[in-house]
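Right, one structure below, let's go through it.
When reading the values below, keep in mind they use all heavy atoms of this one structure, side chains included, and skip hydrogens, waters and symmetry mates. Below, read A as the first sequence line, B as the second, and so on, with proteins coming before strands; counting in each chain starts at 1.
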Number of protein chains: 2
Amino acid sequence: MKHPDVTRQTRTDAGLAAVLRVAVGRLARRLRAQRPDASLSLGQGAVLFALARLGKMTPGALAEHEKVQPPSMTRIIAALEERGLVHRMKHPDDKRQQLVELTDEGHRLVRTDRRRREAWLTQRLTELTPEEKATLRKAAEILERLSQS
Amino acid sequence: MKHPDVTRQTRTDAGLAAVLRVAVGRLARRLRAQRPDASLSLGQGAVLFALARLGKMTPGALAEHEKVQPPSMTRIIAALEERGLVHRMKHPDDKRQQLVELTDEGHRLVRTDRRRREAWLTQRLTELTPEEKATLRKAAEILERLSQS
DNA sequence: GCGATATCGTTAGCAAAAGTAATGAGTCAT
DNA sequence: ATGACTCATTACTTTTGCTAACGATATCGC
């Protein structure tokens, strides 16, 4: 066993937290580095993904959803809009706000890019046993929830 | 159910990869933002943690372990050394190399800080059911492996 | 042995991405 | 209708990582 410590250390909540924190940080770096082309930053990809999943949203809602400050979201949206992947529309009820929405090209990119962008991770996943994948499937939902709480 | 899509999307490896990628990225940001004081960056903490777990290592080994380029590790180590948490020693067999080791203060910080630094995540974990924690415990080991493959 | 080549850590310079503070437009409650 | 608040943006700074180049040491081929 390569890391006997892992199982030992995850006995307690704090130990599990420690291991999770490090693993998540490292995996995030790894995924960033693994990005095949620089076409889309990690954050940009996440926003497209969120819009595809949740439909049109305001910049503020996107910022909160992605756990980023509003100015960062402004930048991400600007970059996506410049590439025609997203477009802004006035919020019908509140002129301060806007609604951000995927363009057709944005939808297309999400679909085609999803496979390409996740190629590395997908490949790693195919190397896992079905049980491990089942674990990750359940864990994904939990991590999802943790990241938003 | 807040995100019915999650379970649907994770049916395929690619879908699971997509969800994992986004969740991991967001959780990493979240953890970074949650850092209680700015005392230790995420990377610095990870290095201390690795040294505590694996003993003395060379900078190169640390860099590879943390999936970071050597110059980045140089900087992290320099910051840690400046604070007296770590110290370098010559490698006995190879004068090119060094060995990095926790100082007593480093060990102390790892111990006391571990709890404080993971407080947020630990708190979130206590809110989970035992089954969910068991899932995360198994998942942590898998993520650990993924991040290093 | 010794010269070419490779490896290790570092330095220097740079780029990406996110954060904070300040600003302008719009809304809302009194 | 005005004062306080909210949303998005702009300007600036910080963080964090990268690549390229370099100096010191080790190793390999001869």
Side-chain angles (χ1 to χ4, degrees), chain A residues 22 24-48 56-83 86-101 147, chain B residues 22 24-47 56-82 86-101 147:
Chain A
V22 171
V24 163
R26 190 158 50 209
L27 187 51
R29 270 197 299 277
R30 179 79 193 205
L31 286 170
R32 185 171 18 228
Q34 200 56 40
R35 178 168 15 132
D37 54 352
S39 77
L40 237 53
S41 84
L42 217 53
Q44 290 173 7
V47 167
L48 288 187
K56 59 186 71 145
M57 303 176 70
T58 67
L62 276 171
E64 173 164 9
H65 187 260
E66 293 304 318
K67 301 304 170 197
V68 148
Q69 293 302 306
S72 302
M73 190 48 64
T74 293
R75 264 190 305 264
I76 292 175
I77 293 169
L80 292 175
E81 186 174 36
E82 191 161 338
R83 297 186 42 189
V86 121
H87 90 280
R88 295 156 145 119
M89 43 191 301
K90 297 187 189 42
H91 188 111
D93 307 336
D94 185 338
K95 290 187 202 158
R96 288 172 309 183
Q97 301 189 55
Q98 301 185 343
L99 284 173
V100 183
E101 189 180 35
S147 75
Chain B
V22 171
V24 164
R26 188 158 50 210
L27 188 51
R29 273 196 298 276
R30 176 80 192 203
L31 286 169
R32 187 189 325 252
Q34 200 56 40
R35 181 171 9 136
D37 54 352
S39 77
L40 235 53
S41 83
L42 216 52
Q44 290 173 5
V47 167
K56 57 185 74 142
M57 303 175 70
T58 67
L62 276 171
E64 172 164 12
H65 187 260
E66 293 304 318
K67 299 306 168 196
V68 150
Q69 293 303 306
S72 302
M73 189 50 63
T74 292
R75 257 207 316 227
I76 293 175
I77 293 169
L80 292 174
E81 187 173 36
E82 190 162 339
V86 122
H87 91 281
R88 295 154 145 119
M89 43 191 301
K90 297 187 191 34
H91 188 111
D93 307 335
D94 185 338
K95 290 187 202 158
R96 289 172 307 179
Q97 300 188 56
Q98 301 185 345
L99 284 173
V100 184
E101 189 180 36
S147 75

If the cut-off is 4.0 Å, is [X] near the phosphate of [N], judged by side-chain N/O to OP1 or OP2?
X: A/Arg88; N: D/dC7; result: no
X: B/Arg75; N: D/dG17; result: no
X: A/Ser72; N: C/dG19; result: yes

Atom pairs under 3.5 Å: protein N/O with N/O of nucleotides 6-8 of chain C:
residue: C/dT7; atom: O4'; partner: B/Arg96; partner atom: NH1; Å: 3.4
residue: C/dT7; atom: O2; partner: B/Arg96; partner atom: NH1; Å: 2.8

Test of understanding: with side chain to side chain donor-acceptor pair (under 3.5 Å), list the residues that count as partners of B/Ser147, not counting sequence neighbours. A/Arg26

Distance, rounded to the nearest Å, where [X] contributes [atom1] and [N] contributes [atom2]:
X: A/Ile77; N: D/dA8; atom1: CD1; atom2: C1'; value: 9 Å
X: A/Leu31; N: D/dG17; atom1: CG; atom2: C1'; value: 16 Å
X: B/Leu80; N: C/dT10; atom1: CG; atom2: P; value: 12 Å
X: B/Arg29; N: C/dA16; atom1: CZ; atom2: P; value: 18 Å
X: B/Leu62; N: C/dG9; atom1: CG; atom2: C1'; value: 13 Å
X: A/Glu64; N: D/dC7; atom1: CD; atom2: C1'; value: 13 Å
X: A/Gln44; N: C/dA16; atom1: CD; atom2: C1'; value: 11 Å
X: A/Lys67; N: C/dG19; atom1: NZ; atom2: P; value: 12 Å

Can you tell if the side chain of B/Glu81 reaches within under 4.5 Å of the side chain of B/Val100, non-hydrogen atoms only? no

Once you round to the nearest 0.5 Å, how far does [atom1] of [X] lie from [atom2] of [Y]?
X: B/His91; Y: B/Lys56; atom1: NE2; atom2: NZ; value: 10.5 Å
X: B/Arg75; Y: B/Gln44; atom1: CZ; atom2: CD; value: 10.5 Å
X: B/Thr74; Y: B/Gln98; atom1: OG1; atom2: CD; value: 8.5 Å
X: B/Thr58; Y: B/Arg96; atom1: OG1; atom2: CZ; value: 11.0 Å
X: A/Leu99; Y: A/Lys90; atom1: CG; atom2: NZ; value: 12.0 Å

List the atom of B/Ala28, the atom of B/Leu42, and the distance in Å for their closest heavy-atom pair. O-CD2, 4.2 Å

Where each residue is assigned the nucleotide of DNA chain C containing its nearest heavy atom, which of A/Asp93 and A/Pro70 is assigned the position nearer the 5′ end? A/Pro70

For A/Val68 and for A/Lys95, find the nucleotide of DNA chain C with the closest heavy atom, then tell me which residue's nucleotide is more 5'. A/Val68

Terminal axis angle for the helix from C/dG1-D/dC30 to C/dT30-D/dA1, five pairs an end, nearest 10 degrees: 30°

Does a side-chain N-to-carboxylate-O contact under 4.0 Å join A/Arg29 and B/Glu66? yes

